[in-house]
There are 2 protein chains.
Amino acid sequence: MKNNISEYLKSNGIKPSLQRIKIYEYLVKNKNHPTVDKVYNDLVKDIPTLSKTTIYNTFKLFMEKKIVTIITIEENETRYDADTNLHGHFKCEVCGEVYDFAIDDILIRKDILKEFEVDERHLYFKGKCKNCL
Amino acid sequence: MKNNISEYLKSNGIKPSLQRIKIYEYLVKNKNHPTVDKVYNDLVKDIPTLSKTTIYNTFKLFMEKKIVTIITIEENETRYDADTNLHGHFKCEVCGEVYDFAIDDILIRKDILKEFEVDERHLYFKGKCKNCL
DNA sequence: TTTTAAATTTGTAACGATTACAATTCAATA
DNA sequence: TATTGAATTGTAATCGTTACAAATTTAAAA
Ligand SMILES: [Mn+2]
Ligand SMILES: [Mn+2]
Ligand SMILES: [Zn+2]
Ligand SMILES: [Zn+2]
């Protein structure tokens with residue numbers, strides 16, 4: 001697993017330091033779209049010298065290399081996702097969980113695509129999850 | 001126009017003070033999804049005593065009454081929109097403009113709707129606009 | 001191996017948007 | 001006019017993020 005991640009980072013032009021491996025590994029294993037704070041508080045148990053700045057730096061690098069995507073649903077809470085395929089996010093306004101959901105298609109008028117060159121597509125819903133209903 | 005707005009606010013349970021009328025009017029006239037800062041800097045010319053806190057308070061109230069929606073594309077820039085109908089936003093990463101676009105439909109698997117009670121739907125794209133290509 | 005340079009990590013301070021809060025002003029009513 | 005509550009305002013506090021320089025690690029050169 002760790003070797004896989006190391007190779008994966010290398011193949012994306014990222015030098016696989018211990019911190020980078022652990023951070024990416026964390027994101028792959030924890031599919032609940034954690035914040036920087038969550039990642040830090042969990043990983044600092046493993047790496048006591050870890051700095052929050054390193055996590056910010058690392059996510060910035062991962063974003064540039066396009067191996068993670070950023071999720072901005074609430075203005076004060078930035079989350080990260082190792083799944084870079086197009087999919088939707090559902091945030092429960094009761095428990096705060098952010099779930100994935102599959103998108104079959106987004107139907108927009110074709111003339112719009114002539115006006116814009118689309119690089120990223122983001123979609124999120126808000127409401128109540130099954131547990132909280 | 002101003003009378004229309006006053007009536008509209010009243011019909012949504014909002015007492016139409018001068019500040020509230022001007023802020024809502026600004027949002028209706030300026031469909032470029034302004035930030036609090038933009039609204040403040042433009043309106044303070046009309047209302048020299050205006051406070052930025054008032055704009056925050058007012059947008060919070062408008063959100064509660066559901067006559068404006070919040071747009072969170074970038075984590076550090078919150079924008080507001082008087083158009084509460086479902087539509088997409090396109091942010092140009094070159095010029096920073098945020099454009100509207102029409103959505104015909106979002107195709108998702110029906111079983112997802114059994115898991116979640118959806119209150120809000122948000123969709124935004126990023127890329128380059130025609131002017132910047 | 002030692003030396004040197006570059007890359008990475010770290011800690012602290014600064015920043016900026018938003019919020020909390022108390023004081024002031026305004027508007028409605030008696 | 002006096003009273004009361006709502007709305008507005010200014011200031012301070014908060015908190016996530018960024019800037020920056022020092023320390024550490026890694027890799028290459030001598
Ligand atoms: Mn996801
Ligand atoms: Mn819009
Ligand atoms: Zn829930
Ligand atoms: Zn543009």
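So you know, we letter chains A, B, ... as the sequences are listed, proteins then strands, and number each from 1.
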Practice task
Quickly work out the B:I55 CD1 to D:dT8 C1' distance and round it to whole Å.
Solution key: 12 Å

Completion exercise
Atom CZ of B:F62 and atom P of D:dA7 are separated, to the nearest Å, by 12 Å

Handout entry: Atom-to-atom span, CD of A:E74 to C1' of D:dG16 - whole angstrom
Key = 14 Å

Practice task
Ignoring backbone atoms, establish whether A:Q19 has a side-chain N or O less than 4.0 Å from OP1 or OP2 of C:dT10.
Solution key: yes

Fill in the blank from the handout: Nearest heavy-atom approach of A:M63 to A:V68 is SD-O, 3.7 Å

Practice task
Would you classify A:T35 as touching base, sugar-phosphate or nothing, given that sugar-phosphate means primed atoms plus P, OP1 and OP2, and contacts are heavy atoms under 4.0 Å?
Solution key: nothing

Problem - Nucleotide D:dA6, atom C1' - distance to CG of B:L18 in whole Å - result: 15 Å

Practice task
Could you tell me the separation between the OH atom of A:Y40 and the P atom of D:dC15, rounded to a whole number of Å?
Solution key: 17 Å

Practice task
With A:F101 as reference, evaluate A:F125, A:F90, A:Y124 under the ring pair (Phe, Tyr, Trp, His ring centres under 6.0 Å) test and give the passing residue.
Solution key: A:F125

Problem - Under-4.0 Å side-chain N/O to phosphate OP1/OP2 contact, A:T49 with C:dT10 - result: yes

Exercise for the section: With heavy atoms under 4.0 Å as the rule, sort A:T54 into base, sugar-phosphate or nothing. Expected result: base

Exercise for the section: Could you work out which one of C:dT9, D:dA7, C:dG11 sits closest to the side chain of A:S51? Expected result: C:dG11

Exercise for the section: Evaluate the criterion side chain to side chain contact (heavy atoms under 4.5 Å, CB included) for residue pair A:L107 and B:I103; output intermediate values, then yes/no. Expected result: CA-CA 6 Å; A:L107 296 185; B:I103 302 167; over 6 Å; no

Completion exercise
From CZ of B:F59 across to C1' of D:dT8 the rounded distance in Å is 16 Å

Handout entry: Any side-chain donor near an acceptor of the partner, A:Y56 and A:S51, under 3.5 Å
Key = no

Exercise for the section: Please confirm whether the backbone N or O of B:I73 pairs with a side-chain atom of A:T72, one donor and one acceptor, at under 3.5 Å? Expected result: yes

Practice task
Give a yes or no on whether the backbone of A:I14 and the side-chain of A:N12 come within a donor-acceptor separation of less than 3.5 Å.
Solution key: no

Handout entry: Separation of D:dT25 P from A:L50 CG (nearest whole Å)
Key = 14 Å

Problem - Centroid-centroid under 6.0 Å between B:Y80 and B:F62 rings - result: no

Practice task
Could you encode protein contacts along nucleotides 16-29 of chain C as a string, one character per nucleotide from 5' to 3', using B for base contact, S for sugar-phosphate-only contact and - for no contact, with a heavy-atom cut-off of under 4.0 Å?
Solution key: -SBBB---------

Completion exercise
Here the distance between atom C1' of D:dG16 and atom NZ of A:K38, to the nearest Å, is 18 Å

